[in-house]
Amino acid sequence: MTYINDNIIPGNHGKTFTTDVRSPEEKSKLKAAILKIDGVTKVIFQDTYPSEVTVHTDQVVHVNEIQEKASELDFHVIAKGPFFPLF
């Protein structure tokens, strides 16, 4: 893995994850948990299937931190590919 794949880089692009949350209540629980992580500024859910959530930060945050918070609530989040291709 690379630094860009393993971390959420600060800025306006964020990092997108797929998730198994469905209801608005589940989304609000997951959003609240992720916002408690130091450095996370925004959590935005897209209306797609499968559900996607984009996380924006103001400092470098490791992807595992997001996944651990979701696991504590019995949800799964999987990081999508990097924002820009590395070839």
Side-chain angles (χ1 to χ4, degrees):
M1 298 305 277
T2 65
Y3 184 78
I4 293 174
N5 288 339
D6 291 342
N7 296 290
I8 303 171
I9 309 301
N12 60 358
H13 54 275
K15 187 159 192 80
T16 303
F17 299 83
T18 56
T19 182
D20 60 346
V21 298
R22 297 216 169 114
S23 70
E25 294 82 19
E26 291 176 340
K27 289 179 181 180
S28 65
K29 281 183 189 178
L30 182 59
K31 180 176 181 175
I34 292 173
L35 283 171
K36 290 180 183 176
I37 297 172
D38 190 35
V40 174
T41 57
K42 284 191 230 174
V43 178
I44 304 166
F45 283 91
Q46 286 84 27
D47 291 328
T48 61
Y49 183 82
S51 295
E52 291 184 349
V53 59
T54 302
V55 179
H56 294 264
T57 63
D58 61 2
Q59 64 187 26
V60 175
V61 175
H62 203 278
V63 169
N64 285 346
E65 292 182 60
I66 306 293
Q67 293 172 332
E68 288 170 6
K69 283 291 184 184
S71 289
E72 290 173 7
L73 298 172
D74 294 325
F75 299 126
H76 296 87
V77 293
I78 300 169
K80 292 180 80 173
F83 176 68
F84 38 87
L86 300 173
F87 47 86

For this session: Using distance alone, with no hydrogens and no angle criterion, decide if T19 and S51 have a side-chain donor and acceptor under 3.5 Å apart.
Result: no
Exercise. Measuring from F75:CZ to K27:NZ, what's the distance to the nearest 0.5 Å?
Worked result: 11.0 Å
Problem set entry | From NZ (K31) to NZ (K42), nearest 0.5 Å | 10.5 Å
Quick one: are [X] and [Y] in side-chain contact, heavy atoms under 4.5 Å?
X: I34; Y: I66; result: yes
X: H56; Y: I44; result: yes
X: I37; Y: V61; result: yes
X: F17; Y: V43; result: no
X: N7; Y: V63; result: no
X: T2; Y: D6; result: no
X: D38; Y: Q59; result: yes
X: K15; Y: K80; result: no

Same hydrophobic cluster for [X] and [Y], using side-chain heavy-atom links shorter than 4.5 Å among ILVMFWY?
X: L73; Y: V40; result: yes
X: I9; Y: V55; result: no
X: L35; Y: F45; result: yes

For this session: Return yes if some donor-acceptor pair links the side-chain N/O of S71 with the main-chain N/O of D74 below 3.5 Å, else return no.
Result: no
Problem set entry | Donor-acceptor contact present, side-chain T57 to main-chain V60, <3.5 Å | no
Problem set entry | E68: side-chain contact (heavy atoms from CB on, under 4.5 Å) partners, not counting sequence neighbours | N64
For this session: Indicate the atoms forming the closest heavy-atom contact of T54 with H13, along with that distance.
Result: CG2-O, 4.1 Å
Exercise. Would you find more than 12 non-hydrogen atoms of other residues, nucleotides or ligands less than 6.0 Å from K29 atom NZ?
Worked result: no
For this session: State whether the number of non-hydrogen atoms from other residues, nucleotides or ligands found under 6.0 Å of H76 atom NE2 is greater than 12.
Result: no
